Amino acid sequence: MKIAIIQDWLTLKGGAEAVLEQVMELFPQADLFCIVDFLPEHERGFLKGRRITTSFIQRLPRARKSYRSYLPLMPIAIEQLDVTGYDLVLSFSASVAKGVITGPEQLHICYTHSPIRYAWDLQHQYLAEANMTRSIKGMVARAILHYMRLWDIQSAHSTDHFIANSVFIARRIRRLYGREAAVIYPPVDVDRFAQSDDRDDVYVTVSRLVPYKRIPLIVEAFRRMPERRLVVIGDGPEMPAVRAAAGPNVTIMGKQPDDVVVAHLQRARAFLFAAEEDFGIAPVEAQACGTPVIAYGRGGALETVRGEAGPGRSGLFFAEQSVDSIVDAVTRFEAIRETITPAACRASAQRFATDRFREAFARFVAEALAAHGATRIEERQRYLA
């Protein structure tokens with residue numbers, strides 16, 4: 001059996017690449033395709049020298065730094081990747097990968113990190129952050145995003161099976177595409193983190209400093225709580241806003257190596273998470289260290305954090321992305337923190353261990369292949385009869 005794996009792009013090693021790594025371990029004979037491949041040399045080890053087929057966008061001017069600016073060309077680029085010689089096509093899509101063209105004899109399974117969020121529910125935020133709400137550029141951008149939505153819906157029809165990375169994304173797939181999706185949570189290397197029972201009197205947040213992560217909100221909340229200490233680890237375009245919001249009780253460390261991040265997670269009183277994520281790996285990693293999570297109660301956090309009172313509780317939620325709501329959540333946490341044990345946090349994280357992902361994904365593919373083969377036989381028998 002010939003297998004093709006389709007990834008949106010390879011530019012940095014993050015959560016999507018963690019999924020890809022495990023799937024390539026399951027199917028080492030598979031060929032890999034993507035829109036562009038600019039993954040740094042020091043992050044390429046998991047590819048094990050595998051040859052990668054890229055699209056024409058790889059060779060366009062300034063693609064390395066500005067590949068996202070070629071968004072209008074990406075539907076064409078993904079459709080030009082030739083996978084006609086493959087029996088099984090596995091796409092991993094947060095943008096356009098699911099739009100690869102397959103034939104009726106091929107089986108196409110799409111693992112969906114998310115439908116194209118900047119074309120759907122994040123459109124207005126995307127335009128506002130780019131300062132394109134009223135300009136001519138904004139009108140052009142709206143037209144492009146409208147085209148992307150139409151293409152996104154149309155390309156969903158060519159997928160045989162959808163897998164969502166969370167119940168939250170399964171609901172979005174149902175709403176946008178009218179399709180049901182199985183849920184297989186992405187793999188988290190929980191074994192990389194050791195549980196710690198010792199806590200410092202410091203809260204921690206670890207994140208890329210980009211707008212939707214809402215790190216300035218967390219920092220501003222702690223400025224209102226001068227008796228509490230916060231450590232911020234990460235870097236990105238929101239760094240000036242983070243520094244402007246910080247009081248003397250907030251330590252901003254910038255980007256740090258893994259061992260420093262793990263050490264802070266293991267000693268933190270709690271981990272703060274204010275983003276609405278499709279899944280969100282960081283809260284799971286914090287729990288793997290035995291650390292409770294205080295999270296915004298929307299999106300994937302509702303599935304990764306056990307916020308209900310009881311022996312298995314691993315954190316709590318706040319209802320709004322606001323300073324007041326975060327302050328209230330920290331206050332509530334202080335009142336109940338003795339009831340949340342490191343062992344309960346670790347047990348919560350174990351639900352997303354790598355071996356569970358591999359087992360569930362391999363089983364889904366095997367069952368889909370069996371059903372696909374049976375359907376083809378039935379169709380031929382009906383035709384011959």
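Excluded from the calculations below are hydrogen atoms, water molecules and symmetry mates; all remaining heavy atoms, backbone and side chain alike, are included. Nothing here was measured: the structure is a model prediction, and the numbers come from that model.
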Which value, rounded to the nearest 0.5 Å, describes the distance between [X] atom [atom1] and [Y] atom [atom2]?
X      : Y      : atom1 : atom2 : result
Leu316 : Glu308 : CG    : CD    : 11.0 Å
Arg229 : Phe222 : CZ    : CZ    : 11.0 Å
Leu39  : Lys13  : CG    : NZ    : 8.5 Å
Arg208 : Met239 : CZ    : CE    : 13.5 Å
Phe357 : Asn165 : CZ    : CG    : 10.0 Å
Ile78  : Ile57  : CD1   : CD1   : 9.0 Å

Scan [range] for pairs that pass side-chain hydrogen bond (donor to acceptor under 3.5 Å, both in side chains), counting only residues two or more places apart or in two chains.
range            : result
residues 39-49   : Glu25-Lys48, Asp37-Arg44
residues 194-203 : Gln195-Asp197, Arg199-Thr291, Asp200-Arg267, Asp201-Arg269, Tyr203-Glu334
residues 87-97   : Ser91-His108, Ser95-Tyr118

I'd like to know if the side chain of [X] reaches the main chain of [Y], judged simply by a donor and an acceptor atom lying under 3.5 Å from each other, with no hydrogens or angles considered.
X      : Y      : result
Arg313 : Arg306 : no
Ser155 : Asp152 : yes
Gln22  : Val19  : no
Asp328 : Phe318 : no

Out of Val89, Ile5, Thr53, which one pairs with Val83 under the side chain to side chain contact (heavy atoms under 4.5 Å, CB included) rule? Val89
Using the side chain to side chain contact (heavy atoms under 4.5 Å, CB included) definition, which of the options Asp160, Leu369, Thr159, Leu88 pairs with Ile109? Leu88
Basic-acidic side-chain contact under 4.0 Å: Glu359, Arg356: no
Basic-acidic side-chain contact under 4.0 Å: Asp31, Lys2: no
Are [X] and [Y] connected in the hydrophobic side-chain network, where two residues link if heavy atoms are under 4.5 Å apart?
X      : Y      : result
Leu10  : Met74  : no
Ile215 : Val250 : yes
Ile76  : Leu81  : yes
Ile6   : Phe46  : no
Ile340 : Phe273 : no

pair [X]-[Y]: side-chain heavy atoms closer than 4.5 Å:
X      : Y      : value
Ser314 : Val293 : no
Asp278 : Phe168 : yes
Ile252 : Val219 : no
Leu176 : Arg149 : no
Phe193 : Arg346 : yes
Tyr185 : Glu303 : yes
Phe361 : Phe27  : yes
Arg64  : Val36  : no

Got a sec, which residues hit ring-ring contact (aromatic ring centres under 6.0 Å, His included) with [X], two or more places apart in sequence or on another chain?
X      : value
Phe317 : none
Phe162 : Tyr177
Tyr147 : none

For the residue pair [X] and [Y], what are the closest heavy atoms and their distance?
X      : Y      : value
Phe279 : Thr304 : CE1-CG2, 3.4 Å
Ser55  : Ile35  : OG-O, 2.8 Å
Ala360 : Ile184 : O-CD1, 3.7 Å
Arg50  : Ala30  : NH1-O, 2.5 Å
Trp151 : Val96  : CH2-O, 3.5 Å
Val23  : Leu90  : CG1-CD1, 4.2 Å

In sequence, state the C-alpha distance, the side-chain angles, and the governing distance for Ile336 and Arg332, and then conclude on side-chain contact (heavy atoms from CB on, under 4.5 Å). CA-CA 7 Å; Ile336 57 94; Arg332 286 186 289 115; 5.7 Å; no
Side chain to side chain contact (heavy atoms under 4.5 Å, CB included) with Glu320: which residues, sequence neighbours excluded? Ser322, Ser325
Which residue pairs pass the ring-ring contact (aromatic ring centres under 6.0 Å, His included) test when at least one of the two sits in residues 57-77, sequence neighbours left out? Trp9-Tyr67
Decide yes or no on side-chain contact (heavy atoms from CB on, under 4.5 Å) for Ser114 and Arg172, but give the supporting numbers first. CA-CA 8 Å; Ser114 174; Arg172 296 188 70 232; 2.8 Å; yes
Salt bridge (charged side-chain N to carboxylate O under 4.0 Å, His left out) partners for Lys65, two or more places apart: none
For Glu277, salt bridge (charged side-chain N to carboxylate O under 4.0 Å, His left out) partners two or more places apart: Lys213
Surrounding CZ of Arg351 (heavy atoms of other residues, nucleotides or ligands, distance under 6.0 Å), is the total greater than 12? yes
Report the C-alpha distance between Ser348 and Val305 in whole Å, list the side-chain angles of each, state the deciding distance to 0.1 Å, and finish with yes or no for side-chain contact (heavy atoms from CB on, under 4.5 Å). CA-CA 7 Å; Ser348 176; Val305 179; 5.9 Å; no
Determine, step by step, whether Tyr212 and Glu276 satisfy the side-chain contact (heavy atoms from CB on, under 4.5 Å) criterion, reporting the C-alpha distance in whole Å, the side-chain angles of both residues, the deciding distance to 0.1 Å, and the verdict. CA-CA 8 Å; Tyr212 85 95; Glu276 181 180 339; over 6 Å; no
Please work out which of the three classes, parallel, tilted or perpendicular, describes the rings of His113 and Tyr111, given edges at 30° and 60°. perpendicular
Donor-acceptor pairs are to be reported for all side-chain atoms of residues 256-266 against protein atoms at under 3.5 Å, with residues two or more places apart or in another chain.
from: Gln256; atom 1: NE2; to: Met253; atom 2: O; distance (Å): 2.7
from: His264; atom 1: ND1; to: Val260; atom 2: O; distance (Å): 3.0
from: Gln266; atom 1: NE2; to: Ala194; atom 2: O; distance (Å): 3.0

With a cutoff of under 4.5 Å between side-chain heavy atoms, which Ile, Leu, Val, Met, Phe, Trp and Tyr residues group with Leu150? none
